[in-house]
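What you see is a predicted model; the values in this text were computed from it and never measured. Just so it is clear, the values below take in all heavy atoms, side chains as well, and ignore hydrogens, waters and symmetry mates. The chains referred to below are lettered A, B, ... by the order of the sequence lines, with proteins before strands, and numbering in each begins at 1.
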Amino acid sequence: MQDAYDPAAVERDAQQFWASRGSFRSVENPAKRKFYCLSMFPYPSGKLHMGHVRNYTIGDVLTRYYRMRGFNVLQPMGWDAFGLPAENAAMANKVPPAKWTRDNIAYMKRQLQSLGFALDWQRELATCDASYYKWNQWLFTRLFRKGLAYKKTGVVNWDPVDQTVLANEQVIEGRGWRTGALVEKREIPMYFLRITAYADELLAALNDLPGWPEQVKLMQKNWIGKSEGVRIGFPYQLGSQNHVLWVFTTRADTLMGATFMAVAAEHPIALAASKNNPRLAAFVDECRKGAVMEADLAQIEKKGMPTGLDAFHPVTNEKIPVWVGNYVLMGYGEGAVMGVPAHDERDYAFALKYHLPIKPVIRHPLGDTVPAPWKPEYAEYGVCINSAPYDGLPYQEAVDAIAADLKAKSLGEKQVQWRLRDWGISRQRYWGTPIPIVHCPACGDVPVPDDQLPVRLPEDLVPDGTGNPLNKLAAYTDTKCPACGKPAKRETDTMDTFVDSSWYFARFACPGQDKAMLDERANYWMAVDQYIGGIEHAILHLLYSRFFQRAMVEQTGLMQGVKEPFANLLTQGMVLAESYYTDESGRREWVNPADVDVVRDAKGNIVSAKAKDGRALVYDGIGTMSKSKNNGVDPQALIDRYGADTARFYTMFASPPTNTLEWSDESVEGSYRFLRRIWTFAYRFSNATKSKDVDKEVRFRIHTELKQAGYDIQRQQFNTVASACMKILNALEEIEDWNATTEEGLSILLRLLSPIAPHVTHHLWRELGFGEDIMSAPWPDPDPAALEQDEIELVVQVNGKLRGSIRVPKAADRGAIEQLALSNPNVQKFVAGQNVKKVVVVPGRLVNLVV
RNA sequence: GCCGGAAUGGCGGAACCGGUAGACGCAGCGGACUCAAAAUCCGCCGGUGGCGACACCAUGAGAGUUCGAGUCUCUCUUCCGGCACCA
C-alpha cells in the first residue's frame with residue numbers, strides 16, 4: 001500500500017472498477033424493495049457549477065446509503081437541454097444551439113463521471129432529442145383533443161425595436177436588454193394547459209405528502225390560492241346596450257360600502273370608454289407600457305382615471321363611478337374589482353388620492369369610523385353597519401344574505417376563486433419542442449396525428465435576436481392540413497421548457513422505449529422515492545410535475561395509484577459566493593472572487609478588496625452564483641487540485657443540505673486534510689502488529705457516534721455524519737496500540753464515510769482486506785452492548801443555572817440522586833441557607849434544584 | 001408589494017424531544033520537528049472580571065410562557081428564495 005494519498009490515482013482505479021462491474025446499472029427486480037433517487041437534471045450551460053456538485057452529491061450519498069441498506073436503487077441522469085441560454089450563446093458565437101448544447105452535454109457528462117456519482121448512464125436522456133420531445137408532442141395532442149390544452153390570448157413582453165418577444169429575464173428595468181427600448185405589453189394567441197382543472201386536487205393532495213417540507217407545501221397552497229367568495233354583477237349601460245360588470249370579492253359583507261369600481265387597462269370597458277376619450281386612451285396606453293412581471297406591478301404607484309361611465313349598485317341601484325386602475329390585473333378573477341375604501345387598504349389609499357367617498361359599513365375593533373391614517377383594524381371582520389337591510393349581521397351571515405339576494409336578481413352567486421392560472425406554454429422561440437399544431441384555413445387548429453410525430457425541429461438554425469427563425473423557414477412552416485390535405489401553415493411557437501422537465505422522471509424508468517411515452521417499467525420505479533433539488537423550484541417545476549403526473553396516469557393508463565410523482569422531497573439551499581465589481585470604466589465590471597484579494601478586519605468583515613491586477617473593487621455582498629455577477633466558483637479547479645472525494649466531502653460537511661452554503665476556499669483544505677489523515681492512519685494500521693485487546697471506552701465513543709450518524713443520515717443531516725467520521729478517527733488515534741477496537745472502528749468509519757467519499761473508502765476497504773467492494777457492504781449498526789455504561793454523569797442546576805455535575809450509578813434512584821446533588825460542594829454554595837422548594841430530575845440528563 | 005425561509009464565536013456550523021450553548025472543522029496564536037519552508041504533531045482559542053477556584057454576560061432586537069428557552073408564543077430588524085417567459 002502506498003504511503004501517500006494520491007486522489008487522482010485512487011479515483012481513476014475506483015471508477016474503472018465500477019465501470020468494469022457495471023456497478024451503477026439498475027434492473028427492475030420485483031423481489032427487492034426499490035429506491036428511486038433523483039436529483040433535478042441540469043441545464044447544460046457549459047460546465048458544472050457548485051450547486052450541481054452539491055445537488056448530485058446529496059443524491060449520491062442517499063443512493064449509496066440505501067444500496068448498503070439492501071434496496072434496489074435507481075439513480076439516473078439527463079439533460080434539460082432546451083432553453084434560452086443556448087439561443088443567446090448561438091447569437092454570440094454564431095453556432096447553432098444544437099451544437100453548443102451537445103458539446104456542453106459531452107463536457108458536463110465527463111465532469112459528472114469524474115465525481116464518481118453512481119449514475120445509471122444507460123438511461124441518459126436529453127430533452128432536445130426528438131426521441132424525447134416526441135412524447136411532449138404526443139401528450140399535448142391528447143390534452144388538446146380533451147380540451148385540457150386550448151388556445152386563448154396571453155400577455156407577453158414586446159420589444160418594439162427588435163420586434164420580438166422577451167423573456168422576463170431579458171427585461172431590465174422596463175427596457176429590452178439588447179435594444180434598451182421601453183418594453184410594451186402585447187396580447188398574442190397562445191396555447192394553455194388547463195392546470196386549473198386540477199386545482200382542487202393539487203391542493204387537497206398536499207395532505208398526502210408527509211415527505212415534503214412544510215414550507216414547500218405551504219408555498220404551493222398559497223400559490224394555488226383557493227378563496228371562497230361571491231361573484232357580484234354591477235349593471236351598466238354602454239350606448240343603448242345593457243351590460244354587467246362582474247367582480248369577485250371575498251368581502252361581500254362590505255358590498256354596501258362600495259364607492260367605486262376599478263377595471264384593468266385591458267378590460268373591455270376601458271377599451272370602449274377610451275374610444276372617445278383621448279386622455280383615458282393615453283392612460284390605458286401608459287398602463288400597457290412596462291413589463292408583465294407581477295413583482296413590478298405590485299410595486300408601481302397606484303394610479304387611476306375615471307372612464308366617465310357609471311355602474312349601478314346591485315342592491316341600492318346607486319350610481320358608482322367606474323375607474324381604470326393600473327393595479328388591477330386582467331389575468332386574475334374578472335379583471336375588475338369593487339372599491340371599498342373603508343375596509344381595504346389599497347382602496348383606501350386610492351380613494352384618498354382621488355377624493356372618492358369613504359363609507360364605513362363594518363364595525364371594527366376601533367369603532368364605526370375610519371379616520372386617516374389607515375389602520376389594519378379597519379379591515380377586520382365585524383357586524384354590518386350603515387348597510388340596511390344587512391345591519392347587525394356578522395361576516396358569514398351577511399355574505400350568505402347578500403349572496404342570496406343577488407342570486408335572486410341574477411347579479412351574483414357564491415364562487416370559489418383560484419389564484420392559480422392556466423399554464424401558457426407557447427414560446428415565440430426556436431430552441432424548444434415544436435408545438436404540434438397545423439393551422440388550416442378551412443379546418444382551424446389541427447393537432448398533428450401520431451403517425452406524423454415527432455414534428456422535428458431543424459437543428460441548423462442560428463437565431464439573430466429578432467424573433468423566431470422558424471418563421472422565416474418556409475420548408476418548415478409550409479405543410480398540408482392533416483385533416484383535409486390542403487395547404488396549411490405549421491405552428492412555429494415552441495413549448496415552455498418546463499414542459500420538458502415535468503415528466504422526465506417517469507421517462508427514466510423506460511429507456512429505449514420508442515413506441516410509447518412510458519411502459520410498465522414505470523409501474524415498478526415510480527414514484528420517485530427521494531427527489532432533490534434547489535428550493536428555487538419549490539413552486540413552478542414541482543407544481544407542473546404534479547399536474548403532469550396526473551395527466552400521464554390518465555393518458556397512458558400506467559402508474560395507477562401513483563398520483564404524486566415525488567414521495568419525499570429535499571430542497572437544497574443555494575450555493576452563495578461573494579461578488580465584486582469595479583466601475584472604473586463607467587460600467588460595472590464584475591471580477592471573479594478567485595481573482596480577488598480581500599482585506600478583512602479582526603471581526604472578519606471585508607474592509608477593502610483588490611483585483612489581482614491591482615484595481616480597487618467594490619464588495620457587493622453575498623449572493624447566488626451567477627454569470628451576470630461573475631461570482632461562480634468552478635468546481636473543476638477543486639477536483640483537479642484535491643480530487644472528487646474532497647469536493648464531495650466539503651460540500652456535505654460545510655453545512656446541512658437545506659441551508660445556503662457560503663463558499664469558502666479555505667475550508668476545503670480541512671476536508672482534504674481529513675481524507676489524508678485517514679489514509680495515513682490506514683497505512684500505518686496495515687503495517688502494524690495488532691493485539692486482540694478491546695478498548696471499552698473508545699468503543700463506547702465509536703458506537704455512540706455511529707448511532708448518532710445513523711440517525712443523522714436518515715434525517716438527511718449529512719454535515720454531522722461527516723463530523724461523526726472525524727470524531728471516530730479522533731477517537732481511534734487515541735488508542736495506544738493497534739487492537740481489535742482499531743480494526744472494528746476502521747471498518748465502521750470506512751463504511752460510514754463511503755457514501756460521501758466513495759473512492760478513497762473503496763480503495764482502503766480492499767487494501768485492508770475488509771472485503772471486495774464497499775458499495776455492497778452492509779451499513780453498520782451500533783452494538784447495544786458497546787453503548788452500556790455503569791455510571792452516568794448528571795448535570796446539577798440551581799434555579800436553572802449550571803452549578804456542577806455528579807456521577808451516579810446507572811440504576812440510582814431519585815432519592816440517591818438528590819442526596820448526591822445536594823452534597824456537591826459548588827451546589828451547596830448556592831443552596832446554603834435556602835429552602836429547596838422543588839427538585840426536577842430529568843433521567844439521564846440533569847437535576848435542577850429550585851430554591 | 002405579496003408568499004415562504006433564515007439569523008448561534010473571526011468564519012462554516014453542533015445542540016433530535018424545551019434540559020451542560022459553541023461538538024466537528026476553518027482561520028488565528030504559541031510550541032515541537034526542519035538549515036529553512038511545506039507537510040505533520042502538541043497546546044490555546046465567545047466576551048468581561050479574577051493569579052486561580054470561579055463569577056457575571058452572551059444564540060439578530062424587544063417582550064412573554066416555564067423550575068429551565070438557541071429551541072415555544074407575540075412584535076420588530078436584516079438577509080435569502082419565489083412571484084407564472086432564467087432554469
Side-chain angles (χ1 to χ4, degrees), chain A residues 40 42-43 45 80 83-85 154 156-157 165-171 213-216 218-223 225 292-300 327 331 346 419-421 423-429 496-498 501 534-541 543-544 571 573-574 576 600-605 621-624 626 653-656 658-662 664 666-671 673-674 676-677 680 708 711-712 715 717 719-720 722-727 730 793-802 805 826 829 837-840 842 845-851:
Chain A
M40 290 180 186
Y43 178 81
S45 54
D80 190 11
L84 195 55
V156 294
N157 303 305
V165 175
L166 297 179
N168 284 341
E169 188 190 52
Q170 298 172 313
V171 180
E214 286 305 319
Q215 55 156 318
V216 173
L218 192 52
M219 280 192 267
Q220 292 222 346
K221 177 176 180 246
N222 292 335
W223 183 264
V292 297
M293 281 99 91
E294 198 196 296
D296 291 346
L297 289 171
Q299 284 169 79
I300 51 171
Y327 61 93
R346 194 175 55 187
R419 209 188 77 95
L420 182 68
R421 309 198 293 258
W423 172 14
I425 60 157
S426 295
R427 297 291 178 268
Q428 296 67 45
R429 286 210 200 93
D496 181 2
T497 57
F498 270 123
S501 56
I535 181 68
E536 69 273 18
H537 294 292
I539 297 177
L540 291 178
H541 164 61
L543 192 62
Y544 292 150
T571 51
M574 316 209 36
L576 309 181
R600 290 169 190 268
D601 64 17
K603 289 188 172 173
N605 297 314
I622 203 152
T624 58
S626 71
F653 177 62
S655 95
T658 53
N659 277 24
T660 56
L661 189 154
E662 290 170 24
S664 151
E666 295 98 9
S667 306
V668 175
E669 192 70 41
S671 299
R673 194 175 300 153
F674 169 64
R676 237 173 16 212
R677 266 177 67 208
T680 310
Q708 183 64 42
Y711 176 76
D712 287 345
R715 64 174 176 149
Q717 187 169 290
N719 55 325
T720 49
S723 298
C725 294
M726 291 175 158
K727 289 179 191 177
N730 290 346
E793 186 174 302
L794 288 186
V795 161
V796 186
Q797 298 179 334
V798 179
N799 287 344
K801 291 207 177 221
L802 175 67
S805 68
N826 203 47
K829 229 165 64 184
K837 281 195 284 194
K838 188 174 168 185
V839 180
V840 181
V842 183
R845 284 215 173 254
L846 58 72
V847 186
N848 188 17
L849 307 168
V850 185
V851 298

*Residues in ring-ring contact (aromatic ring centres under 6.0 Å, His included) with A:Y43, at least two apart?*
none

*Are a donor atom and an acceptor atom from the side chains of A:N826 and A:K829 found within less than 3.5 Å of each other?*
yes

_Sidechain-backbone polar pair: A:N848 side chain, A:V840 backbone, donor-acceptor under 3.5 Å_ = no

_With rounding to the closest Å, how many angstrom separate the C1' atoms on B:C16 and B:C29?_
36 Å

*Atom-to-atom span, CD of A:Q717 to C1' of B:G13 - whole angstrom*: 10 Å

*Let me have a per-nucleotide readout for nucleotides 19-29 of chain B, 5' to 3', with B, S or -, counting only protein heavy atoms under 4.0 Å.*
BB--BBSSS--

_What's the gap between B:A63 and B:G12 when it is taken at their P atoms, as a whole Å value?_
27 Å

*asked:* What's the closest nucleotide to the side chain of A:E662 if the choices are B:G13, B:C3, B:G12?
replied: B:G12

*Report yes or no: does A:N799 contribute a side-chain atom to a donor-acceptor pair with the main-chain N or O of A:V851 at less than 3.5 Å?*
yes

*Rounding to the closest angstrom, what is the interatomic distance between B:G22 and B:G70 at atom C1'?*
11 Å

*Please work out if A:K801 contacts a base, only the sugar-phosphate, or nothing of the nucleic acid, heavy-atom cut-off 4.0 Å.*
sugar-phosphate

_Atom pair CZ/OG1 of A:R673 and A:T680 - distance to nearest 0.5 Å_ = 12.5 Å

*Starting at the 5' end of nucleotides 74-87 of chain B, put B wherever the base has a protein heavy atom under 4.0 Å, S where only the sugar-phosphate does, and a dash everywhere else.*
-------BSBBBSB

*To the nearest Å, give me how far apart CZ (A:R346) and P (B:G1) are.*
14 Å

_Spacing of OG1 belonging to A:T658 relative to CD belonging to A:Q215, to within rounding of 0.5 Å_ = 8.0 Å

_Has A:R427 got a side-chain atom pairing as donor or acceptor with A:D496's backbone, closer than 3.5 angstrom?_
no

_B:U8 versus B:G47 - spacing of their C1' atoms, nearest Å_ = 14 Å

*Taking only residues two or more places apart in sequence or in another chain, which ones pass ring-ring contact (aromatic ring centres under 6.0 Å, His included) with A:H541?*
A:Y531, A:H537

_Distance check, P atoms only: B:G52 and B:C44, in whole angstrom units._
15 Å

*If the glycosidic angle is within 90 degrees of 0 it's syn, otherwise anti, so just tell me which one B:C41 is.*
anti

*Separation of A:R676 atom CZ from B:A38 atom C1', in whole Å?*
10 Å

*Among all residues two or more places apart in sequence or in another chain, which pass the ring-ring contact (aromatic ring centres under 6.0 Å, His included) test with A:Y544?*
A:W423, A:F498

*Under the rule syn = chi within 90° of 0, otherwise anti, which is B:G12?*
anti

_Between B:C2 and B:A14, how many Å separate the two P atoms, rounded to a whole number?_
31 Å

_Strand RNA chain B as a dot-bracket string - pairs counted if Watson-Crick or G-U with both distances under 3.5 Å, | where the partner lies in another strand_ = (((((((..(((......[....))).(((((.......))))).((((....))))..(((((..]....))))))))))))....

